[in-house]
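What follows is one structure encoded as structure tokens, with my remarks underneath.
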2 protein chains.
Amino acid sequence: MAGGISLKELAAELKLAPSTVSRALNDSYEISDATKKRVISMAEKLNYHANPFARSLRENKSKTIAVIIPERINNFFAQVVDGIEEIAQEHGYHLLIYNTHEDLERERKIVNLLLNGRADAIVMSVTSQTSDISHLQKLHDRGLPIVFFDRIRADIPTTKFITNDYESAFEGTKHLIKQGCTKIALLTLGKDLSISQERQRGYSDAILSEGMELNPALTLYCSHEEPHNVKLIQELLLSSDRPDGILSSAEKLAFATYQAIKRTKLRMPSDVKLISFANSSIAGLLNPSLTTITQPALSIGNECAKLLIKKLTKPKHYELLDQVITIPSQLTIRESTLQE
Amino acid sequence: MAGGISLKELAAELKLAPSTVSRALNDSYEISDATKKRVISMAEKLNYHANPFARSLRENKSKTIAVIIPERINNFFAQVVDGIEEIAQEHGYHLLIYNTHEDLERERKIVNLLLNGRADAIVMSVTSQTSDISHLQKLHDRGLPIVFFDRIRADIPTTKFITNDYESAFEGTKHLIKQGCTKIALLTLGKDLSISQERQRGYSDAILSEGMELNPALTLYCSHEEPHNVKLIQELLLSSDRPDGILSSAEKLAFATYQAIKRTKLRMPSDVKLISFANSSIAGLLNPSLTTITQPALSIGNECAKLLIKKLTKPKHYELLDQVITIPSQLTIRESTLQE
DNA sequence: ATAAAATGCGGAATCGATTTCGAAAATTTT
DNA sequence: AAAATTTTCGAAATCGATTCCGCATTTTAT
């Protein structure tokens, strides 16, 4: 607005045509080295910066990737975004970031906002409420490259990045069993969520594979409100179905469990053992320290960005195939599942 | 790219001039209700979406605010961004978010990227290394509205939002003294940082006001590497200057302190009491639970965005005055400073 | 030395939406 | 019924950078 001269003004100053200046700045072979140097030095002197919107309009691309996440105050999502940004920055891409706050209505609005081409591509993880996907379908139909991660939707034919939710839950549950647990509870979020289903399947299969019984009362469908979850977990811990092991499928549910346990007279890990999907570095600081399944958040972000940028820069050579790419999580055993 | 028709095509379909269609869609008084309805319904039918770059080019504004933070995996900054986004969304603004990773060189690059007008305004918190500010000066000179929060630079004449760092540190230190501490350490980050200086001043004044002595060995300048900080704190705890109270000016330094204490034979709070600036909800979960000074992150974000949007929409009526606006933090006493 | 090709640059159209200027058409006023 | 408005809309310029097309001038080939 205030500062900033245009290409035309720069050209006038140099007594050259705008087309020549443009080519010089873009290092075109049609321009002699002498004038290139002259143009570049004058551009620096006058502090010229190309208007990104004129360029976007002309080239029909914005050098911008939109990222849609359901929560910002969440180590996993924050790390994924860091991973995306790392690659994006290397390639001169900017990041528009949107938080849906786990609200489907907000997700719809944001997605509709992106229908106009403001971003060249989208990386997203859906809300735990997302059942109807017409808004996502519309995005995909429009030809906008989109990849999903973690919370994916199988019904949109594109590439998705996840961790090995099934195996991790399976392994985590097995670990609890090996530590002597016989009544294992599962804390989960939305039923419609891809990852919830996978983790639940892993949990169930592990229990069945050991010849143990599945007790539906031991699966807790939690919400996004901390106090409510704490109460729910507390009730479970005081019920006749009291579990001696808990597999939590989200970091915040593990925190709620610490709270709930604190309110009962139970001791961790002697009375109840806990393992959780988690990405926070404080897992080791909790008392007892928390056994975790850590998702490869940074890598997931990296891969999402790499794939999209390939697709954007060489659209002929790369397709967003309808496939799910899995990057394994890591199990870190700490005190919360220690056998005493 | 693929989908999407232009205004001209929409106009042709309607057998109207592009100008008319534009006005109809923008609800101009010059267009009859009848044609407005006709245009709008056809626009919906054909799924028309205005090209944001054409509009930005013409109107010389992007409806975008850039946010620059030094860390993404940090509850304080994440909350501030949530606060900014809340207001921005209400007004149809988009957020370009950049993480400098506490790296001055990266900060410079990002700031230079914004020199071309891609964003209408900037909200930022500088890195702990930022001493030279010529890059920020350039931004400001260019007339780009910019506000700082938390980590501010007094030498750029614009509005800054902070919390009452001096008073909070003063009060926090007083609290430790009241709990019986006689040798209080301060954990701090960059020396050049505005907030560090304020907090240090509050810490010092509190100690002096009680007639106690300041011991320079009790001020620890920490880095951004967790292991290094843990080692540093551990050494302090084992030295002859062993403190019985610690004021930490960042959440992660508090976590490092928990680690360090765990490695010594010391007990918290009996041997050492700890109070920290922190915004994470897990403070209450730690063992012992952590006494915190919580910054009003969401409000800070809200206010930054409100002010900028006022400035952007009514530039004549609002100026970004060279002033510092303070929003108070809140002290929450927990077990880590309990007297036994 | 003349034809052919390559080099270096300018003119003008283009991307898509907004807006100024102006002109019909419809309405109201006298 | 003629004049003055008001309503409603169209033509064309504009924002700034890119690029197709064209035209000199210089270099290379024959």
Side-chain angles (χ1 to χ4, degrees), chain A residues 1-40 42-43 46-64 92 113 115-120 142, chain B residues 1-40 42-43 46-64 92 113 115-120 142:
Chain A
M1 188 184 250
I5 64 165
S6 72
L7 185 74
K8 206 190 296 183
E9 296 171 293
L10 176 57
E13 198 67 36
L14 286 159
K15 295 191 193 306
L16 286 173
S19 48
T20 304
V21 176
S22 172
R23 279 185 277 242
L25 291 173
N26 289 312
D27 201 30
S28 160
Y29 69 98
E30 308 182 85
I31 306 298
S32 72
D33 286 346
T35 47
K36 271 184 193 170
K37 274 182 193 155
R38 208 161 70 83
V39 169
I40 290 171
M42 180 63 86
L46 299 185
N47 229 298
Y48 168 79
H49 292 274
N51 183 314
F53 307 116
R55 183 173 284 164
S56 288
L57 176 59
R58 177 65 215 237
E59 310 213 308
N60 199 31
K61 59 185 179 193
S62 61
K63 282 274 190 176
T64 300
L113 243 36
L115 241 34
N116 61 13
R118 186 177 283 270
D120 294 341
R142 214 175 172 76
Chain B
M1 189 185 244
I5 64 165
S6 72
L7 186 75
K8 208 190 292 182
E9 295 171 294
L10 176 59
E13 197 67 36
L14 285 159
K15 295 191 193 303
L16 285 174
S19 49
T20 304
V21 176
S22 171
R23 278 185 277 240
L25 291 174
N26 289 313
D27 201 29
S28 160
Y29 69 98
E30 305 182 86
I31 305 297
S32 71
D33 286 346
T35 48
K36 272 183 193 170
K37 275 183 190 152
R38 209 160 69 84
V39 169
I40 291 172
M42 181 63 85
L46 300 186
N47 230 298
Y48 168 78
H49 292 273
N51 182 313
F53 308 117
R55 183 174 286 163
S56 288
L57 175 59
R58 177 64 213 238
E59 310 213 309
N60 199 30
K61 59 186 178 192
S62 61
K63 282 270 186 180
T64 299
L113 244 34
L115 241 34
N116 61 13
R118 185 177 284 270
D120 294 341
R142 214 173 171 76

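Both backbone and side-chain heavy atoms feed into the values below; hydrogens, waters and symmetry mates do not. First the proteins, then the strands, lettered A, B, ... as listed; each starts at 1. Bear in mind that the values here come from a model prediction, so they are computed numbers and not experimental data.
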Exercise. Over its full length, what angle do the end axes of the helix from C/dA1-D/dT30 to C/dT30-D/dA1 make, each axis taken from five pairs and the result rounded to 10 degrees?
Worked result: 40°
What pairs with [X] under side chain to side chain donor-acceptor pair (under 3.5 Å), at least two apart in sequence or on another chain?
{"X": "A/Asn116", "value": "none"}
{"X": "B/Ser28", "value": "none"}
{"X": "A/Asn51", "value": "none"}

Exercise. Taking only residues two or more places apart in sequence or in another chain, which ones pass salt bridge (charged side-chain N to carboxylate O under 4.0 Å, His left out) with A/Asp33?
Worked result: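 For A/Asp33 there are no salt bridge (charged side-chain N to carboxylate O under 4.0 Å, His left out) partners, ignoring immediate neighbours.
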For this session: Only counting residues at least two apart or in another chain, list the ones meeting salt bridge (charged side-chain N to carboxylate O under 4.0 Å, His left out) with B/Lys36.
Result: B/Asp27
Exercise. B/Arg142 versus B/Leu115: any side-chain heavy-atom pair under 4.5 Å?
Worked result: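 A side-chain contact under 4.5 Å exists here.
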Donor-acceptor pairs under 3.5 Å, side chain of residues 7-22 of chain A to any protein atom, not counting sequence neighbours: which ones?
from, atom 1, to, atom 2, distance (Å)
A/Glu9, OE1, A/Ser6, N, 2.7
A/Glu9, OE1, A/Ser6, OG, 3.3
A/Ser19, OG, A/Arg23, NH2, 3.4

Exercise. Of all heavy-atom pairs between B/Ala50 and B/Arg55, which one has the smallest distance, and what is that distance?
Worked result: CB-NH2, 3.4 Å
Problem set entry | Set of residues satisfying side-chain contact (heavy atoms from CB on, under 4.5 Å) with respect to B/Ser62, sequence neighbours excluded |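 Counting only residues at least two positions away or on another chain, B/Ser62 forms a side-chain contact (heavy atoms from CB on, under 4.5 Å) with A/Phe53, B/Ser56, B/Thr64, B/Asp120.
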Problem set entry | side-chain contact (heavy atoms from CB on, under 4.5 Å) partners of B/Ile40, counting only residues at least two apart |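 Once residues adjacent in sequence are excluded, the partners of B/Ile40 under the side-chain contact (heavy atoms from CB on, under 4.5 Å) criterion are B/Leu25.
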What is the distance from [atom1] of [X] to [atom2] of [N], rounded to the nearest Å?
{"X": "B/Tyr29", "N": "D/dT6", "atom1": "OH", "atom2": "P", "answer": "12 Å"}
{"X": "B/Asn116", "N": "D/dA17", "atom1": "CG", "atom2": "P", "answer": "10 Å"}
{"X": "B/Asn60", "N": "C/dA17", "atom1": "CG", "atom2": "P", "answer": "18 Å"}
{"X": "B/Ile31", "N": "C/dT19", "atom1": "CD1", "atom2": "C1'", "answer": "12 Å"}
{"X": "A/Glu9", "N": "D/dC15", "atom1": "CD", "atom2": "C1'", "answer": "12 Å"}
{"X": "A/His49", "N": "D/dA17", "atom1": "NE2", "atom2": "P", "answer": "12 Å"}
{"X": "B/Leu57", "N": "C/dG16", "atom1": "CG", "atom2": "C1'", "answer": "9 Å"}
{"X": "A/Asn51", "N": "D/dT14", "atom1": "CG", "atom2": "C1'", "answer": "13 Å"}

For this session: Encode nucleotides 18-25 of chain D as B, S and - characters from 5' to 3', where the letter depends on protein heavy atoms closer than 4.0 Å: B to the base, S only to sugar-phosphate, - to neither.
Result: BBB-----
Seminar exercise, completed: Expected list for residues 32-40 of chain B near DNA chain D, using heavy atoms below 4.0 Å, is B/Ser32, B/Thr35
Problem set entry | Heavy-atom neighbours of B/Lys61 NZ exceed 12 at 6.0 Å |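 It does not: B/Lys61 NZ has 12 such atoms or fewer within range.
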Under 3.5 Å between N/O atoms: give me all the protein pairs with nucleotides 26-28 of chain C, atom names plus distance.
none

For this session: Working to the nearest 0.5 Å, report the span between CG of B/Leu57 and CG of A/Leu57.
Result: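 Those atoms lie 6.0 Å apart.
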Exercise. Rounded to the nearest 0.5 Å, how far apart are CD1 of A/Ile31 and NZ of A/Lys37?
Worked result: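 It is 14.5 Å, given to the nearest 0.5 Å.
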